[in-house]
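For reference, the structure discussed in these notes is given below.
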Amino acid sequence: MNYNFQEIEAKWQAYWAKNQTFQAQNSSDKPKYYVLSMFPYPSGAGLHVGHPLGYIAGDIYARYKRHKGFNVLHPMGYDSFGLPAEQYAIQTGQHPAITTETNINRYREQLDQLGFSFDWSREVRTSDPEYYKWTQWIFIQLFSAWYDNKETKAKPIDALVHLFEKEGNSNVDASCDEDVPSFDSSEWASFSKKEQQEILLKYRLTYLADTEVNWCPALGTVLANDEIVNGVSERGGHPVIRKKMTQWSMRITAYAQRLLDGLDTVDWPQPLKDSQTNWIGRSEGASVTFDVLSGSGTERSRSAEEEMLNVGQEVQHDGHSELDSESSPFQIEVFTTRPDTIFGVSFMTLAPEHELVAKITTPEQQAEVTAYVEATAKRSERDRMADVKTISGVFTGAYAEHPFTKEPVPIWIGDYVLASYGTGAVMAVPCGDQRDFDFAKHYGISIPNIFEGVDISEEAFADKAKTIIGNSDFLNGLSYKEATSKAIAELERIGHGKGKINYRLRDAVFSRQRYWGEPFPVYYVDGMPQMIELEHLPLTLPEVEKYLPTETGEPPLGNATDWAWDTKNHKVVSNKMLNPRLNVGQEVQHDGHSELDSESYEGVYPLELNTMPGWAGSSQYFNRYMDPANTQAIYSEDAIGYWKDVDLYIGGSEHATGHLLYSRFWQKFLFDMGIAPTSEFAKKLINQGMITGTSAFVYKEMDSNKVFSKGLIAGKNVIPIHADVSLVNASDELDVDAFKVWQPDYKDAEFILEDGKYIVGREVEKMSKSKYNVVNPDAICDEYGADSLRLYEMFLGPLEQSKPWNTAGITGVHSFLKKLWKLYMPFFNESSRQGSLSEVEANPTPENLKTLHKTIKKVEEDIENFSFNTSVSTFMICVNELTAQKCAHPAILKELLILVSPYAPHIAEELWQVLGHTESIAEAPFPKFEEQYLVESTKEYPISFNGKLRFKLELPLDMGKDEIEATVMAHEKTQAQLQGRQPKKVIVVPGKIVNIVG
RNA sequence: GCCUUGGUGGCGGAAUUGGUAGACGCGCUGGAUUCAAAAUCCAGUUCUUUCGGGAGUGUGGGUUCGAUUCCCACCCAAGGUACCA
């Protein structure tokens, strides 16, 4: 009986589906374990061999935990909203729902083929209205909440309204927009409904705001920072510009500190934690306010000219004490991480976009400043970033007053200061910051030294640890730390600043001008957003004629004819029902509305035209799996109370600052609202590495029709052209005829061979359709089976490392499976297709037991450490040893099967049946390792001299230290005598090893 | 630049409370079986050598009887991030 993997795999996949072997229950006597692999976006290209790597690892762990007696939840679903389906729809008119469905079916087929233990009864799809109903619901929850900085948690907005009614907002410390006016309870009461709503919107965790966004004209949409790579869109590589738009935003910044703190509580990879820490970008320092010196009249202008003339020298100003007495109309707030260096300030720099630039610039400098601001605005963000070396800036003519010395400080503008970080203004300390130093050098601004014993003639000194402040009044002689806290205390005392923590993290823009995403459950009354009640959700996507933005520049949903909300009947109605006289802030052009009865307008309002971004649907899917069919709530309290959180999450590191940050944010919010029981959703996370492709190249000579084999290209001017890897055999030999059929452009090309073969060049690249290096799992399953593929993917190398795919090596694991199969053949009874145990009676030999328990120990350790690659080796050794031992004992073979079954479940099930079991192996208890079978009576000790192996001695294990020493000494004496030298001294390191010291 | 991870045969990679470096697999070499091939099985395979040995885990130092493993300095590669004040 041969190992017929195709028959076996089909049989067991059908068995698992029919018996719902892997369906999880939401309660159990067993402890729970939740294994989750990141759900895929079902792209049209299907799976390649790189995709299943993480799924296989997760599946092995899930199956292992099942053997270990856990109630395992191991679900799978699809992140099925996304741009590719929409792009395809724009090109072909095919509805994205249809292409998505087709792709999902293809994915399912491919996944099923690999024998995963997914509980498909819990499948979710983010584009399913029954799923995105709850995405919309979470949006409403965020809209209905504000963040209380005092208690560092989110609270219902009703509580805030109550506070406003009682005492206004003076005692409220909330994460909110900066331009919130202060008011008391009577003022609040006097506001109109609309004014109240406008104020509340500034507090809500999701809010509408005019934000400067990354607008991609080619895609007609807004992109998140992480969707832009090197200044162009990640998808398509189109240019991106800055543009102001009214957008929904998520107040993730409220959670900045908690997102940072939470990282210490989870077992996630360090690089991933670091990249989130980096992304949040906490810096500790102080905000300092500088008064702008008023009187930018002639006197001030003259000073400015002097300043410009007396470059590099300290400028003495007369009469500025007079100016001090004048009250300053403007203040510049800066953020600095080095308040200790405040006496080193010799100028200030504002971002060109800073709002004060226009107000403080003196008439003399006006022309130059305006020209500079305009020139900067024209340059794209990309140009500005690419051009870091060029120093540019302009003096505004204005001065600020140093808060301590009261000296005037010239105010410059420069594009090295970013409007989007901090306050868009810096106090420049050229002696302590290289950029300030370079700027000062370039424009001849003075560089006062405020460090003790440091030479700053060549470059700035930024080493905090070695800093001793000098030349700084009350800070003299202090270290960085002491000076910082003292400077902050002084600033606070004189009312010119305070300690501050600044974050790089920005609020997340949540609107997308796309069709294929979740619609917002939002309609507008008098321009103010209103939420649709839960019982009327989901608000499903409307049909549209075309998927592009409208001619008036509205998002694709602007094309929908039925996209208005009837608040009386709680349903979507035709746009024609809209009252065109309503001032809704959105242009709605309709013909023929005059025919309509004005009553049709009553209570009908326009709906939001934007859709949610890709990360909306993926930010809570892991919790929805716990109770996916629930129509009353996102999940029941019982379900989430039982499963709580993900125990093991497996996925790619590319989601570090996107999905994984947003998901943590939503989880913390739901935790605050008492909807989720934990504030982190995944205890442990593993990033599987990427499987790269091995591209093949042919070499075409420039200006000729010749294509040279790899060995012949030296000294020739050739260009490498990708060849499809399926046309190349394991020895890098190209099937030239097949290549000509595949690329008809080359059908007349002359292929220059070496030794009668055309040898291709090889290079490791990312696996991609365009590089023709994609290896498809289907072909491999056909030829070697899913079990071979699963084993091989694990065998390739450590899970977390990226590694190149090379199909050639799969024969190794495949022949292991054949050997394993052979081991069980004595039990195979052809007539009954069942094993019979009667033929065996002998006990397992000590060798059998030793091999087995060695394997149990290693495999268990490996799985716990996610070192799946080494356990495949362990299996191979085990099978080789048992084969050599002619082991045919069912007790040994049974336990071995359970060890193998997480890795190669189909063959394990089949052989399990061969051994006479009628139930699935899935629930069989994991073998227990017993030390006694590994204990030996003697041990071989390496005896070394000066680190080099001299000889080995086999000694009884129970021998004491002195005895070993004596035995080795005796041996050494004999050796020394034989070699005619003096014997060396013997030292025994307790429990370890024997050494001989000269 | 900064942060992180890593650097071991022809290749993928084993081995860390410091203890025989190169497990296991691929590839390669030789052999068995076969009319032959595939498949299977056995043996060999870090380099070098005058067959005694010598060298060897990115480079240079250090600690130690003994270092792939620990310490210091440097080089290289991959990933992340970047005028972040």
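Residue numbers begin at 1 in each chain, while the letters A, B, ... track the order of the sequences.
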Which part of the nucleic acid does Thr349(A) contact within heavy-atom distance under 4.0 Å: base, sugar-phosphate only, or nothing? nothing

Under-4.0 Å side-chain N/O to phosphate OP1/OP2 contact, Ser283(A) with rA85(B): yes

Select base, sugar-phosphate, or nothing to describe what Thr277(A) touches, counting heavy atoms under 4.0 Å on all strands. nothing

Say you pick atom P in rC47(B) and the same atom in rA39(B); how far apart are they, in whole Å? 26 Å

Rounded distance in Å between the P positions of rU29(B) and rA37(B): 15 Å

Counterpart base for rU81(B), defined by Watson-Crick or G-U wobble contacts under 3.5 Å: rG1(B)

Counting side-chain heavy atoms from CB outward, which of rG13(B), rA39(B), rC24(B) is closest to Pro798(A)? rG13(B)

Applying a 4.0 Å non-hydrogen cut-off, can you work out what Lys819(A) is touching in the nucleic acid: base, sugar-phosphate, or nothing? sugar-phosphate

Can you classify the ring geometry of Trp412(A) versus Tyr443(A) as parallel (below 30°), tilted (30 to 60°) or perpendicular (above 60°)? tilted

Tell me the partner of rC47(B), counting only Watson-Crick (N1-N3 plus N6-O4 or O6-N4) or G-U wobble (N1-O2 and O6-N3) with both under 3.5 Å; none if nothing fits. rG54(B)

Write down the distance separating the C1' atoms in rC28(B) and rU46(B), rounded off to the nearest Å. 14 Å

Any ion pair linking Arg282(A) and Glu284(A) (charged N to carboxylate O, less than 4.0 Å)? yes

Can any side-chain N or O of Gln331(A) pair as donor or acceptor with the backbone N or O of Thr289(A) at less than 3.5 Å? no

Would you indicate what Asn869(A) reaches in the nucleic acid, counting non-hydrogen atoms under 4.0 angstrom: base, sugar-phosphate, or nothing? sugar-phosphate

Base paired to rC35(B) (Watson-Crick or G-U; both N/O distances under 3.5 angstrom): none

Tell me the interatomic distance from Glu793(A), atom CD, to rC24(B), atom C1', rounded to whole angstroms. 18 Å

Is rA23(B) paired to anything, Watson-Crick or G-U wobble with both distances less than 3.5 Å, and if yes, which nucleotide? none

Any idea how Phe875(A) and Tyr903(A) line up, ring-wise: parallel (<30°), tilted (30 to 60°), or perpendicular (>60°)? perpendicular

For rG9(B), does the glycosidic angle fall within 90° of 0 (syn) or outside that (anti)? syn

Measure CE/Met876(A) against C1'/rG13(B) and give the value in whole Å, please. 12 Å

Sugar-phosphate only, base, or nothing, as touched by Gln801(A) at under 4.0 Å among non-hydrogen atoms: sugar-phosphate

Over how many whole Å does the gap from Leu820(A) atom CG to rU40(B) atom C1' extend? 17 Å

Is the gap between the ring centers of Phe343(A) and His402(A) under 6.0 Å? yes

Counting just side-chain N and O atoms, does Lys818(A) come under 4.0 Å of either OP1 or OP2 of rU40(B)? yes

Centroid separation Trp821(A) to Phe5(A) less than 6.0 Å: no

Between CH2 of Trp821(A) and P of rU40(B) the distance, given in whole Å, is 16 Å

Expressed as a whole number of angstroms, how long is the span from Leu791(A):CG to rC26(B):P? 13 Å

Stepwise ring pair (Phe, Tyr, Trp, His ring centres under 6.0 Å) test for His496(A) and Phe404(A): CA-CA 9 Å; His496(A) 266 275; Phe404(A) 293 123; 8.1 Å; no

Between rC24(B), rA14(B), rG12(B), which nucleotide has the shortest distance from any of its atoms to the side chain of Thr870(A)? rA14(B)

When the distance from CD1 of Ile810(A) to P of rG25(B) is rounded to whole Å, what number comes out? 16 Å

Roughly how many Å apart are rA15(B) and rA23(B), using the C1' atom of each and rounding to a whole number? 8 Å

Does rG52(B) count as syn, meaning its glycosidic angle lies within 90° of 0, or as anti? syn

Mate of rA14(B) where both pairing distances stay under 3.5 Å, Watson-Crick or G-U: none

Can you check the Leu799(A) CG to rA14(B) C1' distance for me, whole Å? 17 Å

At under 4.0 Å between heavy atoms, what does Asp274(A) touch on the DNA or RNA strands: base, sugar-phosphate, or nothing? sugar-phosphate

Which nucleotide in the set rC83(B), rC24(B), rU81(B) lies at the smallest distance from any side-chain heavy atom of Leu418(A)? rC83(B)

Expressed as a whole number of Å, how far does the C1' atom of rA82(B) sit from that of rC65(B)? 49 Å

Provide the Watson-Crick or G-U wobble partner of rG60(B), both distances under 3.5 Å; none if there is no partner. rC72(B)

May I ask you to verify if any side-chain N or O of Arg504(A) is less than 4.0 angstrom from the OP1 or OP2 atom of rA82(B)? yes

Winner on side-chain proximity to Thr336(A), out of rU4(B), rC24(B), rA85(B), is rA85(B)

